[in-house]
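Ligands are counted one by one from 1 in listed order, and the atoms in each one are counted from 1 as well.
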Amino acid sequence: LSPLAPTIILMSSNTTKVPGSAERRDSYTGLSEPHSDALRKLDLAYTMKTKWEREFLRAIAELEGLGTHEELGFESVAGFLSSHCGMGYRRTEEQVEVAVALKELPSMDKAYCDGKLGYDHLRAIIPVASSENETDLAEKVEGMSVGATFRLACKMKPVDKQAAIDARSERSLMMRWDLDTAMFELYARLPEDLGAMVEKAIDAIAVSAPEDPLFVEENLRTPMQVKRADALYELVTGGISESSRSAHVVVHVDAETLRAGEGSGEIEGGPTISPETIDRLLCDSVLQTVVDGFDGKPIAFGRSRRTAPPRMKQELIKRDGTCRWPHCRRRKLLQAHHIDHYVAGGRTDFDDMVVFCWVHHPLVHEGGYEVVGQPPNIAIKAPNGFLIRHGPPRGQPQGR
Ligand SMILES: [Zn+2]
Ligand SMILES: [Zn+2]
């Protein structure tokens, strides 16, 4: 049995529409013969390709339903298909997911069969589609670009609080010399708050940096990328300049989300984040955090209203000495944590704050740990109720 043996199958007569194909054909009238011919061939091939793609998905769904792969000794449909059809496992797995999901999503299936949604749209939107929302979703996505569909799906996904903590443990910054060209290379994977801060700090300087008169466009390098490199120079030599001090990390959120502590917000131009993360960003950030309603009106400010003023933070660090997480000895990367969260109407008040390092700070927001006791003598209550006691602060005794 050769999976690749050519088979002739007669196409059924119900032709399906390729999105926008009619409009595209109209625009061919101004083209000369060989070009318009080539385009017509392409359109026909594309129509057939999408049609057979649908048939292929249906066949996958049927195999999965019957459990044919198990009969043949395969653990998964994707495993069987990748061996049987010689396809990459990852893509096969994705196709199985789409094929199986379509069985339960009749409106999506119809929109797909009618050519209103392409496969890539399905791939993007299916993880957030359910029998309740699929009809609305199919309508919403019709005519949307694949990129916009992915963004919509991203916003609809519930924010994973654990992910904010996991992202921290996966943080990395790779540095290497390319000795051939004597160039230094940086590649960083940073969690959302540091990512937003780096982006804002660098771009705040870069936007006002002068254009390099010697700039030559090559390898998709843009003038902005050159300016960012210059901005990095400014950052490492002169610290954060005045221009980036006034830069804001803007978080868009519903006022209702902030009050109720449910739903999600969004770092401008960045990822979706949970209310707990918003709360943490408002606790203390190097750059000012502005929480903005989706109507553009600011709801809360990090630095001006919430974040400890620099002088108060210095005092806190003096009092606590190190991060107040049990056994953490970090004296740097410290952030002032408000025990009463903003959502709960918390104050910015010395006796209500302790310092945590930026790795432990998320644990008392997204991680579900709780600070108990009177600062600086605190204990940490784990989500399972276990109380982690901690010695006295290692800072200087206070005359307060
Ligand atoms: Zn905090
Ligand atoms: Zn710590």
Side-chain angles (χ1 to χ4, degrees), residues 159 161-171 190-194 196-197 249 251 253 257-259 261 265 267 273-291 299-310 312-383 387-395:
V159 188
K161 282 182 241 168
Q162 190 55 41
I165 294 166
D166 293 346
R168 264 178 173 54
S169 56
E170 280 164 29
R171 69 197 182 277
L190 308 172
E192 80 291 84
D193 55 345
L194 183 57
M197 286 192 279
V249 172
V251 176
V253 71
T257 300
L258 206 56
R259 260 195 299 276
I267 291 185
I273 53 175
S274 67
E276 286 83 355
T277 304
I278 296 171
D279 213 18
R280 172 167 56 81
L281 292 177
L282 287 172
C283 250
D284 195 355
S285 21
V286 173
L287 295 176
Q288 189 175 25
T289 305
V290 178
V291 174
I299 300 167
F301 296 91
R303 176 154 289 182
S304 56
R305 259 210 264 161
R306 263 302 275 175
T307 305
M312 192 193 275
K313 192 171 165 187
Q314 272 172 21
E315 288 292 314
L316 276 172
I317 293 173
K318 217 162 100 188
R319 182 195 71 188
D320 291 354
T322 60
C323 166
R324 290 294 289 142
W325 192 264
H327 312 297
C328 180
R329 295 186 166 269
R330 277 204 175 89
R331 289 182 181 272
K332 285 183 177 166
L333 311 171
L334 299 178
Q335 301 180 333
H337 170 68
H338 301 246
I339 294 174
D340 268 346
H341 293 176
Y342 178 84
V343 171
R347 305 151 290 158
T348 296
D349 152 354
F350 192 84
D351 296 324
D352 187 46
M353 290 193 279
V354 285
V355 293
F356 286 120
C357 70
W358 83 294
V359 177
H360 287 127
H361 193 189
L363 295 178
V364 294
H365 287 276
E366 295 96 326
Y369 287 82
E370 204 185 314
V371 180
V372 292
Q374 180 61 46
N377 296 306
I378 55 155
I380 304 286
K381 197 166 152 192
L387 211 57
I388 315 167
R389 299 223 177 262
H390 191 28
R394 299 185 186 92

Q: Nearest 10° is fine: what angle sits at the Zn ion (ligand 1) between ND1 from His337 and NE2 from His361?
A: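 Once rounded, the angle between the two atoms at the Zn ion (ligand 1) is 110°.
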Q. Is the closest side-chain heavy-atom distance between Asp351 and Gln374 below 4.5 Å?
A.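 SC-SC contact between Asp351 and Gln374 confirmed.
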Q. For Arg280, which of Glu366, His361, His338, His365 qualifies under side-chain hydrogen bond (donor to acceptor under 3.5 Å, both in side chains)?
A.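 Of Glu366, His361, His338, His365, side-chain hydrogen bond (donor to acceptor under 3.5 Å, both in side chains) with Arg280 is met by Glu366 alone.
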Q) Which atom, counting only N, O or S, brings His365 closest to the Zn ion (ligand 1)? A)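 Sorting the N, O and S atoms of His365 by distance to the Zn ion (ligand 1) puts NE2 first.
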Q: Compute the angle centred on the Zn ion (ligand 2) spanning SG of Cys357 and SG of Cys323, and express it rounded to 10 degrees.
A: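 Between SG of Cys357 and SG of Cys323, at the Zn ion (ligand 2), the angle is about 110°.
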Q: Could you tell me whether Asp193 and Arg168 have a side-chain N and a carboxylate O separated by less than 4.0 Å?
A: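 Salt bridge: yes.
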**Q.** Minimum heavy-atom distance between Leu334 and Gly321, given as atom pair plus value
**A.**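 For Leu334 versus Gly321, the nearest heavy atoms are CD1-O, 4.5 Å.
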Q.
With carbon and hydrogen excluded and only N/O/S kept, which atom of His360 is nearest the Zn ion (ligand 2)?
A.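 Going by distance to the Zn ion (ligand 2), the closest N, O or S atom in His360 is ND1.
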